[in-house]
Number of protein chains: 2
Amino acid sequence: MNTLAEENYLKAIYHLTENDGNASTNQIASSLNTKASSVTDMLKKLADKALINYTPYQGVNLTPSGEKIALGIIRKHRLWEYFLVEKLNFKWDQVHDLAEEMEHISSEELIDRLDQFMGYPTHDPHGDPIPDCNGRFNTHELKPISAVTINQCGVISGVRNHSSSFLQYLDKQQLTIGCKIMITDIIEYDHSVVVQTGNKEVQISREVANNLLIAL
Amino acid sequence: MNTLAEENYLKAIYHLTENDGNASTNQIASSLNTKASSVTDMLKKLADKALINYTPYQGVNLTPSGEKIALGIIRKHRLWEYFLVEKLNFKWDQVHDLAEEMEHISSEELIDRLDQFMGYPTHDPHGDPIPDCNGRFNTHELKPISAVTINQCGVISGVRNHSSSFLQYLDKQQLTIGCKIMITDIIEYDHSVVVQTGNKEVQISREVANNLLIAL
DNA sequence: TAAAAAATTTAGACTAATCTAAAAAAATAA
DNA sequence: TTATTTTTTTAGATTAGTCTAAATTTTTTA
Ligand SMILES: [Mn+2]
Ligand SMILES: [Mn+2]
Ligand SMILES: [Mn+2]
Ligand SMILES: [Mn+2]
């Protein structure tokens with residue numbers, strides 16, 4: 001159906017256009033660790049297949065059929081991550097690269113049965129929503145901790161950075177998905193945030209607060 | 001490490017040389033649905049990597065490191081088949097093509113954890129032995145039903161043909177892996193075999209008897 | 001608004017894997 | 001043991017995906 005490279009491009013374009021409108025050639029190149037000239041070639045191919053809207057020099061976005069394919073890949077990625085953590089006992093910082101490979105297993109029936117086997121989970125180990133077999137998912141409003149005021153409570157529900165080192169740091173601070181927390185202080189000098197989690201208090205940098213999302 | 005094509009060639013060579021000594025260029029081409037000239041190119045590449053012993057015009061066999069890789073692929077193939085049948089409720093005739101894709105997921109740790117998750121199964125849904133993480137497996141002696149004499153008992157333990165149509169036929173006749181059977185008659189005229197299975201008797205052709213293996 | 005800088009595309013080349021057609025070697029038959 | 005057939009290899013081409021370097025377009029700056 002589509003090659004591995006095509007699928008990776010569609011997924012990258014999906015993520016780059018999730019918020020704003022168009023993805024640029026350079027943005028795509030950097031997110032796929034490739035060169036702009038390679039991207040241009042692929043954009044032509046995807047445009048020929050009517051999976052993206054492409055005007056030279058103007059960047060691209062997905063057509064409905066391109067988005068459908070991208071959501072299918074993201075669904076597979078997140079379901080496999082859930083499987084790896086919940087069934088095979090991997091840690092949340094170990095599964096992303098494995099899922100990058102597994103998301104290209106083509107069978108729809110396989111992924112739908114895997115979904116059923118795991119009880120139709122709605123979120124992956126990093127708090128990201130898992131699209132259902134029709135590509136639908138509920139997009140709850142999450143805020144970075146850095147945007148929350150003192151004395152507000154919330155539940156840790158997502159991360160903006162998926163690197164191993166960040167996830168391992170959060171593990172160590174016991175700041176993991178599902179934890180109830182309260183913001184007890186914000187240091188004016190450097191915008192660090194003091195957070196109450198369970199019985200203890202931890203202080204996190206502005207950088208960390210920017211990348212840790214809570215549901216209020 | 002190795003490309004998908006290289007892995008498929010190594011696996012094909014492994015299976016072709018399981019019994020006899022060398023695999024010929026044409027045998028490999030036909031088992032991979034490709035052309036002899038493509039095979040020759042790949043044989044040179046695998047020989048350069050010291051994964052096969054190749055003398056032009058003389059066919060090939062695996063070196064120890066080539067065999068190790070082949071056994072790793074076969075281990076993954078059979079473990080995924082077991083997973084698909086035992087955990088995701090696929091039928092034994094539906095899993096081979098899926099496993100052909102899944103066997104190329106590269107992580108060793110993933111497959112070892114999957115093995116553990118399933119309780120270290122020793123045989124796949126078709127009765128084929130699953131190599132352990134060191135590539136070792138016990139090779140029990142199986143006989144085709146066509147080689148058994150009247151009144152002998154045994155347990156159905158393997159198949160020589162893995163096609164969907166054959167496996168579906170066996171399902172319908174309730175001749176599946178693990179069934180205890182007895183050979184009650186052999187028709188002299190066409191070598192059909194009459195088999196007692198559970199409470200009923202079924203008659204199978206010589207062709208079927210050739211491809212259905214039992215442990216005595 | 002013209003010059004400089006940045007972004008993007010084009011041109012031309014490379015690798016892995018495949019193919020067809022032709023040449024060469026090995027096996028078989030007369 | 002020579003001729004024919006079969007098998008295998010070589011030669012040359014193709015496609016997907018990538019790259020570097022050069023050309024072109026767009027954006028920014030002065
Ligand atoms: Mn991920
Ligand atoms: Mn994730
Ligand atoms: Mn199989
Ligand atoms: Mn099998």
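This structure is a prediction, so every number in the text was calculated from the model and none was measured. Quick note on labels: first sequence line is chain A, next is B, and so on, each numbered from 1.
- At C:dT9, one or more side-chain N or O atoms of A:Thr25 fall inside 4.0 Å of OP1 or OP2 (strictly under the cut-off).
- Residue B:Tyr9 places none of its side-chain N or O atoms closer than 4.0 Å to OP1 or OP2 of C:dA16.
- Within 3.5 Å, a donor on the side chain of B:Ser37 pairs with an acceptor on the base of C:dT20, or the reverse.
- Between A:Asn2 atom CG and D:dA16 atom P the separation is 13 Å, expressed in whole Å.
- Annotation: cation-pi pair A:Lys87/B:Phe83 absent, no NZ/CZ under 6.0 Å from the ring centroid and within 45° of its normal.
- For the salt bridge (charged side-chain N to carboxylate O under 4.0 Å, His left out) criterion with A:Asp115, the lone passing option out of A:Arg75, A:Lys76, A:Arg78 is A:Arg75.
- Atom NZ of B:Lys44 and atom P of D:dT8 are 14 Å apart (whole Å).
- For C:dT9, one of the phosphate oxygens OP1 or OP2 lies less than 4.0 angstrom from a side-chain nitrogen or oxygen of A:Tyr54.
- Phosphate contact (OP1/OP2 of C:dT9, side-chain N/O of A:Lys35, threshold under 4.0 Å): absent.
- Regarding A:Ile28, its CD1 atom lies at a distance of 13 Å from the C1' atom of C:dA7, rounded to whole Å.
- For the pair B:Ser38 and C:dT18, the criterion of a side-chain N or O lying under 4.0 Å from OP1 or OP2 is not met.
- Phosphate contact (OP1/OP2 of D:dT6, side-chain N/O of B:Asn26, threshold under 4.0 Å): absent.
- Here D:dT15 presents its C1' atom at 15 Å from CG of A:Asp48, a figure rounded to the nearest Å.
- Rounded to whole Å, atom C1' of D:dT7 lies 13 Å from atom CG of B:Leu43.
- Contact between the side-chain N/O atoms of B:Tyr57 and the OP1/OP2 oxygens of D:dT6 is not found at any separation under 4.0 Å.
- Under a 4.0 Å N-O distance rule, the pair A:Glu109/A:Arg113 qualifies as a salt bridge.
- Atom pair A:Asp41:CG and C:dT10:C1' shows a separation of 9 Å (rounding to whole Å applied).
- If you check D:dA30 for Watson-Crick or wobble pairing at under 3.5 angstrom, you find it paired to C:dT1.
- A straight line from CD of A:Gln58 to C1' of D:dT24 spans 14 Å, rounded to a whole angstrom.
- Base engagement by B:Ala36 is indicated by at least one non-hydrogen atom pair under 4.0 Å involving a base atom.
- Between B:Asn61 and B:Thr17, the side chains place no donor N or O within less than 3.5 Å of an acceptor N or O (distance only, hydrogens not considered).
- For the pair B:Met42 CE and D:dT9 C1', the interatomic distance rounds to 16 Å; values are reported in whole Å.
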Report task. Could you walk me through whether B:Leu98 and B:Phe90 pass side chain to side chain contact (heavy atoms under 4.5 Å, CB included), step by step? Result -> CA-CA 11 Å; B:Leu98 292 170; B:Phe90 279 95; 3.9 Å; yes
